[in-house]
Amino acid sequence: MPVTRMSRLFGRTLREAPADADSANHQLLLRSGLIVQLAAGVYSFLPPAWRTLRKIEQIVREEMEAAGSQEMRMPAIQPRELWEESGRADSYGPVLFNLKDRRERTMVLAPTHEESVTDLFRKVVQSYRDLPQSVFQMQTKFRDEPRPRGGLVRVREFIMKDAYTFDADDEAFQLNYDAMRQAYYNIYRRCGVPVVAVQADSGAIGGKQSEEFIFLTDIGEDNIILCQDCGYAANQERAEFDRGESTGSDGELTEVATPGITTIEALADFLGIPQQATAKAAFFLVDGEPTFAVVRGDLEVNELKLMNALDARDARPLQPEEVAEAGWVAGYASPIGVDPARVIADLSVVDAGGLVAGANREGMHLHNVTYGRDWSAATVADIATASEGDSCAQCDSNLQMQRGIELGHIFKLGTRYADPMEATFLDADGERKTPIMGCYGIGIERLMAAVVQANHDELGIVWPRSVAPFDIHIVPLGGGDEVAEAVGQVESELSDAGWQVLTDDRDERAGVKFNDADLLGAPLRVTIGSRGLKQGQIELKLRSEPEPSPAPLSGALTAVRAAMDSLAG
RNA sequence: CGGAGCGUGGCGCAGCUUGGUAGCGCACUUGACUGGGGGUCAAGAGGUCGCCGGUUCAAAUCCGGCCGCUCCGACCA
């Protein structure tokens, strides 16, 4: 294994991080010279970073294969028709990088591969005898994200490991799914990143159910709802919660004047009642249809839940003039008297009687508004957002909310793609059936960013041994033949033993070399200086430990092996 | 796409309010001293001040347009 020399390494370390780096991992990746930005959400990966990415890929590959999946490769350039066939050309539309070939045929740069793998399946698989199947690839994905952010966390070009499974029935599918799930835990553990699996919304990928693997960190962009007691964990976008007891009474419906009171907070203050005793109206355009959503005053409408409840593809809040056009009075809107067909109510307002709601007249509210008696809705569903302090639906403890980064997402696709694309197989009974599909993604660069975020200190990166660009960072100190000779000896001993060695052969001061070693974060630093050599000594320092320890030059290999073995991974 | 901010040597920044000579720290080159936690001295190299247009005798600075990047929101590995 050739030794890498710092003087020859492509890339340089920076003392100060570029100003647009926010998070620790982004700053360290830039300062250590591992990545360089080319455009918003587009990065180059310099040699050390590429080493790490390849190690991560190798871990992923090993775990995928252990789970029974076969590596393959699908094209990144795809005809747009494929996406029309699945019906995702529109829903995925804005994110698709479109391009035209010389014959003016519209192609896309693939953001994911459900379509192409389903196409592949129908061309390759005919019989139940061919099932189950599990395939994966590691390949560049392209997504024209509305907003790249957070360094490597959200980019427009990235490597994804995406796996796909095909099964004859649900039972068989579950086996594939469970194997993948376990593989994911293994991957993150081996990369040194703690994760929690949470229930998630499957979003643009589709399907019935999905789980995300989340690395909990303040720099995360997802809100995760967690129950410490029973272990319930879900993305806020779909987290369930218990709405508690109803507070209102079911007295007679009466009007109350509330001039200038247009917010729930002001209303509760004005009437001296808790916000839970009010009903909140919110207006959305759902698949082009103005929709009146009602939740209890202390809650917020969750647009994703709203869409799911209505089986809709698109939802956005109504503009004030659109609200008026629909005949509703913002600030004083009431579900009473509104066509029930356009009303959707959250569970919280259906169980609770006697709420204060708008009167559909400027400056007026109603007391004791009760569902079923005074109004009704076409749809009653869970459409409210869970947040910190709400009660757990499973065990009644208080839910907590934390930020997190989505490092992986696994989906139970069912027949979401096989149906529209008419992928089928012939079963043992001679009947044509539709395969049950699953898909499973991991963003490789994002995982690297998480590794750094989870493994750093104020001096730099503290790479886990499993994915470090270099195992051992040799720091020669002082000139002279004695040092050069000892360095050469140790270098070859270590690299012959299979370690990946980086030697700082630059004519720099000790401080510069030590600081760069800390920044680059190899698990073990071996210092070879003229001072120590007088006693026949070299010095070993684990990056994860504060203090170095001496070792005899003659026993360098043994000492290094012991030090490396003391590390996890 | 809505909101906010920033574009001045490789990196971090000042200069802009009040137009006139482009500056500082780090990094870089050469030499000397130095040599175990970002050293000192000396001498250097390096900038169409994001782009286009306007105002002006004169624009980094004022005005307009555009582009790029970052952050906050709607979307996701």
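Here is how names work: the chains are called A, B, and so on, in the same order as the sequence lines, proteins then strands, and each is numbered from 1.
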Worksheet item: With sugar-phosphate meaning primed atoms plus P, OP1 and OP2, does A:G532 contact a base, only sugar-phosphate, or nothing at under 4.0 Å between heavy atoms?
Response: base
Discussion item. Categorize A:E145 for me: base, sugar-phosphate, or nothing, with a 4.0 angstrom heavy-atom threshold over every strand shown.
Written reply: base
Item to complete: Would you indicate what A:P146 reaches in the nucleic acid, counting non-hydrogen atoms under 4.0 angstrom: base, sugar-phosphate, or nothing?
Response: base
Discussion item. Applying a 4.0 Å non-hydrogen cut-off, can you work out what A:V475 is touching in the nucleic acid: base, sugar-phosphate, or nothing?
Written reply: nothing
Response to the item:
Scanning all shown strands, the Watson-Crick or wobble mate of B:rG25 with both distances under 3.5 Å is B:rC11
Item to complete: On RNA chain B, check which nucleotide each of A:R31 and A:A40 is closest to and give me the residue with the more 5' one.
Response: A:R31
Fill in: Sugar-phosphate only, base, or nothing, as touched by A:R143 at under 4.0 Å among non-hydrogen atoms
base
Item to complete: Using Watson-Crick or G-U wobble geometry with both distances below 3.5 Å, tell me the partner of B:rA74, or none.
Response: none
Worksheet item: What nucleic acid atoms does A:Q37 come within less than 4.0 Å of, heavy atoms only: base, sugar-phosphate, or nothing?
Response: sugar-phosphate
Fill in: Watson-Crick or G-U wobble mate for B:rC33, both contacts under 3.5 Å
B:rG39
Worksheet item: With a 4.0 Å cut-off on heavy atoms, is A:D507 in touch with a base, just the backbone sugar-phosphate, or nothing at all?
Response: base
Worksheet item: Whom does B:rG5 pair with, Watson-Crick or G-U wobble, provided both distances fall under 3.5 Å?
Response: B:rC69
Worksheet item: Base, sugar-phosphate, or nothing for A:G478, non-hydrogen atoms under 4.0 angstrom?
Response: nothing
Worksheet item: Within the side chain of A:T52, is there an N or O that forms a donor-acceptor pair under 3.5 Å with the backbone of A:V467?
Response: yes
Item to complete: Pick base, sugar-phosphate or nothing for A:I159, based on heavy-atom distances below 4.0 Å to the nucleic acid.
Response: nothing
Fill in: Options B:rU34, B:rC72, B:rG38, nucleotide nearest the side-chain atoms of A:D516
B:rG38
Discussion item. Can you work out whether A:R531 or A:P148 has the more 5'-proximal nearest nucleotide on RNA chain B?
Written reply: A:R531
Worksheet item: Taking the side chain as C-beta and beyond, is there a heavy-atom pair between A:Y440 and A:T165 under 4.5 Å?
Response: yes
Worksheet item: Looking across every strand, which nucleic acid part, if any, lies under 4.0 Å from A:G151 by heavy atom: base, sugar-phosphate, or nothing?
Response: nothing
Worksheet item: Is the aromatic ring of A:F514 within stacking range of B:rG38, meaning centres under 5.5 angstrom and planes under 30 degrees?
Response: no
Fill in: A:Q137 and A:D162 side chains, donor-acceptor separation under 3.5 Å
yes
Discussion item. Does A:L407 reach a base, just sugar-phosphate, or nothing at all? Heavy atoms under 4.0 Å.
Written reply: sugar-phosphate
Fill in: Identified pairing partner of B:rU61, criterion: Watson-Crick or G-U wobble below 3.5 Å
none
Fill in: Sugar-phosphate, base or nothing in reach of A:Y92, heavy atoms under 4.0 Å
nothing
Discussion item. Could you check whether the side chain of A:D20 and the base of B:rC71 have a donor-acceptor pair of N or O atoms closer than 3.5 Å, going by distance alone?
Written reply: no
Worksheet item: Which part of the nucleic acid does A:A21 contact within heavy-atom distance under 4.0 Å: base, sugar-phosphate only, or nothing?
Response: nothing
